[in-house]
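Whatever order the structure lists ligands and atoms in, that order sets their numbers, starting from 1. Values in this document were obtained by computation on a predicted structure and should not be read as measured data.
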Amino acid sequence: LTDRSQNPTHTWPRLYVDSPLGAGTVLTLARDQAHYLVHVLRAKLETPIRLFNGQDGDWAAEIAHISKQSVELRALRLLCPQTAEPDVWLCCAPLKKQHFDDTLTKATELGVSRIIPILTERTQIREVNTARCRLLIKEAAEQAERLTLPQIDEALPLARLLAAWPSDRTLFLCAEAGSACPINEALTNSRLDYKAKHALFVGPEGGFSVAERDAVLKREEAVAVRLGPRILRADTAALAALACWQASCGDWPSTKGPVK
Ligand code: SAH
């Protein structure tokens with residue numbers, strides 16, 4: 001584990017940029033990021049910065065130029081090479097108010113690779129502001145020292161998602177009722193099929209309907225899983241399932257610490 005107290009870099013502002021990164025690369029920040037860096041993070045010319053773009057690893061950078069109109073950065077050296085990250089999808093119903101925001105940011109911290117908002121019979125929130133969700137996710141990924149951003153899809157009806165479901169991806173339906181396998185057992189069984197990819201399905205505040213449960217479970221790649229004997233709120237269930245997944249199938253068993 002890298003001793004974070006010895007590494008000043010984790011105190012540096014860290015930004016996701018949508019441009020290539022290499023030694024000497026100069027890039028101009030978009031207005032909103034420039035504003036965030038200068039006025040929110042109060043970065044000055046001599047402030048060291050960290051940059052990542054989801055492909056080229058984590059880079060130390062300097063502020064080459066600050067003006068009213070724009071901020072220019074120069075990438076200097078690679079701090080941490082890009083490494084493969086676990087591939088787990090979270091397919092969950094949008095939730096009311098803060099609960100969905102919390103689910104998005106915490107699922108990002110928990111290493112989710114893709115978030116698919118699903119509209120189910122009992123979903124109460126039918127409109128998702130995906131652009132706003134992307135901003136929440138980006139900030140969570142910057143703070144969590146991730147090397148990639150999770151992808152988030154436009155919300156879509158459960159039936160449409162199932163119609164296009166990839167057959168190589170196991171679908172763990174989190175079910176608080178009916179027959180289900182304890183999640184750690186289901187994950188251990190599935191991990192034996194090392195090539196399997198995984199997705200976690202969590203319902204809305206009112207749960208999945210019986211028809212939805214049947215529609216999902218009739219697929220051969222679907223497994224119903226239990227998250228213990230208590231009824232969890234949907235946001236709790238999503239995060240608990242992701243934590244179980246990372247501990248069992250993801251990158252928590254490794255001792256590698258955060259990026260240097
Ligand atoms: N239908 C229940 C609550 C649903 S909780 C009721 O009205 O009381 C919202 C979602 O969280 C569920 O759809 C399910 O995906 C998940 N969930 C909650 N508790 C769970 C548990 N103990 N095991 C598995 N999934 C659970």
Q: For the residue pair Trp89 and Asp153, establish whether any side-chain heavy-atom pair is separated by less than 4.5 Å.
A: no
- prompt: In terms of heavy-atom contacts, does CD of Glu220 have more than 12 from other residues, nucleotides or ligands at under 6.0 Å?
  reply: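 Not more than 12 within 6.0 Å, no.
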Side chains of [Y] and [X]: any donor to acceptor distance under 3.5 Å?
{"X": "Ser113", "Y": "Asp87", "answer": "yes"}
{"X": "Thr120", "Y": "Thr123", "answer": "yes"}
{"X": "Arg146", "Y": "Thr148", "answer": "yes"}

_Name the residue from Asp58, Asp56, Leu78 that meets the side chain to side chain contact (heavy atoms under 4.5 Å, CB included) definition with Leu21._
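The single option meeting the side chain to side chain contact (heavy atoms under 4.5 Å, CB included) with Leu21 is Asp56.
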Is it the case that ligand 1 has an N or O less than 3.5 angstrom from some N or O of [X]?
{"X": "Gly228", "result": "yes"}
{"X": "Val202", "result": "no"}
{"X": "Pro229", "result": "no"}
{"X": "Ile231", "result": "no"}

Report the nearest protein non-hydrogen atom to [atom]: residue, atom name, distance rounded to 0.1 Å.
{"atom": "atom 23 (N) of ligand 1", "result": "Leu227 N, 2.8 Å"}
{"atom": "atom 5 (S) of ligand 1", "result": "Leu232 O, 3.3 Å"}
{"atom": "atom 14 (C) of ligand 1", "result": "Cys174 O, 3.2 Å"}
{"atom": "atom 9 (C) of ligand 1", "result": "Pro204 O, 3.1 Å"}

With a 4.0 Å heavy-atom cut-off (strictly under), which part of Val225 contacts ligand 1: side chain, backbone, both or neither?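 Backbone only; the side chain of Val225 stays clear of ligand 1.
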Which is it for Ala237 and ligand 1 at heavy atoms under 4.0 Å: side chain, backbone, both or neither?
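Near ligand 1, Ala237 shows its side chain, while the N, CA, C and O stay back.
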Exercise. Any idea which of Glu205, Glu176, Glu212, Arg230 brings a heavy atom closest to atom 22 (N) of ligand 1?
Worked result: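 That would be Arg230.
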